[in-house]
**Q** 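There's a structure below that I have some questions on.
In what follows, chains carry the letters A, B, and so on, assigned in the order in which the sequence lines appear, proteins first and then strands, with residues in each chain numbered from 1.
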Number of protein chains: 2
Amino acid sequence: MVAETQTVAPRAQKKPSLSDLEVEAIEMFINFLRLIGLPKSVGEIYGLLFVASRPMAMDAIMERLGISLGAASQGLKLLRTLGAVRVVYERGDRRDHYVADLEISRFATVFIKDELQPRMEMANERVRRMEECLAELPAKERRATRQRIERLKHWLDKGQKMLPWVLRFMKL
Amino acid sequence: MVAETQTVAPRAQKKPSLSDLEVEAIEMFINFLRLIGLPKSVGEIYGLLFVASRPMAMDAIMERLGISLGAASQGLKLLRTLGAVRVVYERGDRRDHYVADLEISRFATVFIKDELQPRMEMANERVRRMEECLAELPAKERRATRQRIERLKHWLDKGQKMLPWVLRFMKL
DNA sequence: TCGGTATTTCATTTTTTCTTGAAGTTCATG
DNA sequence: CATGAACTTCAAGAAAAAATGAAATACCGA
């Protein structure tokens with residue numbers, strides 16, 4: 001616990017030196033994207049790009065955030081497929097450059113389409129199968145269980161009706 | 001890889017023996033609850049209780065699902081605080097018995113209140129701080145960055161306006 | 001086509017999250 | 001109160017998820 005006397009600090013040259021603005025943006029997006037199950041590194045990348053005043057190449061992103069090659073590559077790939085980030089070609093530079101797409105609604109749209117809707121359909125299937133199971137139940141239990149399944153259907157319905165509305169609202 | 005000749009199968013007496021109905025319900029809730037970041041065991045417990053025709057005691061739940069004492073205790077505790085499960089006293093039995101609360105909207109309500117709204121407020125704070133940072137920016141970048149922050153504010157606003165609406169919709 | 005830089009992939013390591021079960025606490029009952 | 005069953009807690013282990021970085025691949029420009 002005694003403080004190491006700072007003998008040169010051989011490899012402490014890891015200062016990413018992010019501005020306050022960048023730190024705020026990064027932390028904000030880490031938090032929000034975690035909510036929809038995206039790893040920290042993805043939030044970091046998006047946050048950094050969100051406040052970047054110029055398109056950034058992958059190596060700059062890596063260095064700035066202190067993340068690995070693989071994380072940067074995979075994170076950018078994911079953000080691209082989400083439509084959250086766009087590639088911009090910079091004349092005279094072979095590298096791909098990235099900018100954040102400010103249409104944040106795409107996150108939501110893709111999330112709803114890729115995560116929520118498939119789950120909903122699976123759930124519908126399951127409910128159907130559950131109803132089939134009802135027949136095999138002792139009459140006593142059947143009634144109560146049927147009611148519960150009805151309730152479930154009701155909620156799935158509600159959710160499915162709400163999604164398009166949310167989507168529309170998101171798109172302004 | 002050669003199939004062990006079934007010499008008595010000494011401790012294979014681990015058959016949880018769940019009905020098809022139970023399996024469907026359990027899998028469904030594992031899926032949905034994972035979406036809001038709850039562990040598998042919590043989904044299992046809620047799913048089991050959802051189709052149970054009678055209140056269940058903790059030891060029955062453990063045995064049925066093949067989960068540990070700790071997982072059952074903690075999972076039930078969490079479900080209780082979420083309002084997803086209720087304790088029912090059964091006369092002549094010292095154990096607590098649990099039933100699933102069918103008002104699934106409580107999940108959503110608690111999720112919104114505990115996860116979404118605090119994040120939103122944090123985000124508002126951050127945006128405020130980000131605007132302070134603007135002053136220190138070179139004039140060139142300032143304009144573009146301000147626009148981005150405005151966009152962010154716009155989205156936060158939208159989200160915050162949507163939440164109460166969603167809440168109302170959930171409550172029928 | 002070649003040379004080399006930019007990017008992707010993926011086996012491995014690291015980190016985080018979940019589960020387990022023994023020890024501790026609570027509490028109804030005799 | 002004392003007993004013991006019911007429940008909770010928590011340190012340690014197991015499992016899952018994410019990050020790393022070396023190797024493979026793609027691609028640009030000459």
**Q** With rounding to the nearest 0.5 Å, note down the distance linking CZ in B/R142 to CD1 in B/I149.
**A** 11.5 Å

**Q** Calculate the interatomic distance between B/M58 atom CE and C/dT26 atom C1'; express it in whole Å.
**A** 13 Å

**Q** Any side-chain hydrogen bond (donor to acceptor under 3.5 Å, both in side chains) involving residues 110-121 of chain B? Give me the pairs, sequence neighbours left out, ordered by first then second residue.
**A** B/E115-B/R119

**Q** Might you list the N or O atoms of the protein lying below 3.5 Å from N or O atoms in nucleotides 16-19 of chain C, with each pair's distance?
**A**
residue, atom, partner, partner atom, Å
C/dT19, OP1, B/S41, N, 3.2
C/dT19, OP2, B/S41, OG, 2.8

**Q** If I take atom CG in residue A/L69 and atom P in nucleotide C/dT12, what distance separates them, rounded to the nearest angstrom?
**A** 19 Å

**Q** My understanding is that only residues two or more places apart in sequence, or in another chain, count here; which of them pass side chain to side chain donor-acceptor pair (under 3.5 Å) with A/D59?
**A** A/R95

**Q** Can you tell whether the side chains of B/E132 and B/R128 come within less than 4.0 Å, N to carboxylate O?
**A** yes

**Q** Quick one: label B/R80 by what it contacts on the DNA or RNA (base, sugar-phosphate, nothing), any heavy atom closer than 4.0 Å.
**A** sugar-phosphate

**Q** Send over the distance from A/D59 CG to C/dT8 P, rounded to a whole Å.
**A** 13 Å

**Q** Going 5' to 3' along DNA chain D, between which two nucleotides do contacts with chain A fall, using a heavy-atom cut-off of 4.0 Å?
**A** D/dA18 to D/dC28

**Q** Which residue pairs pass the ring-ring contact (aromatic ring centres under 6.0 Å, His included) test when at least one of the two sits in residues 59-80 of chain B, sequence neighbours left out?
**A** none

**Q** Quickly work out the B/Y89 OH to C/dA28 C1' distance and round it to whole Å.
**A** 12 Å

**Q** State plainly whether the residues B/E103 and A/R151 are in salt-bridge range, i.e. N to O under 4.0 Å.
**A** yes

**Q** Of A/R94 and A/S73, whose closest DNA chain C nucleotide lies nearer the 5' terminus?
**A** A/R94

**Q** Pairs in or reaching into residues 41-58 of chain A: which pass side-chain hydrogen bond (donor to acceptor under 3.5 Å, both in side chains), with residues at least two apart or in two chains?
**A** none

**Q** Round to the nearest Å and state the distance from B/K77 atom NZ to C/dT25 atom P.
**A** 15 Å

**Q** Would you call A/D157 and A/K153 a salt bridge, taking side-chain N to carboxylate O under 4.0 Å as the test?
**A** no

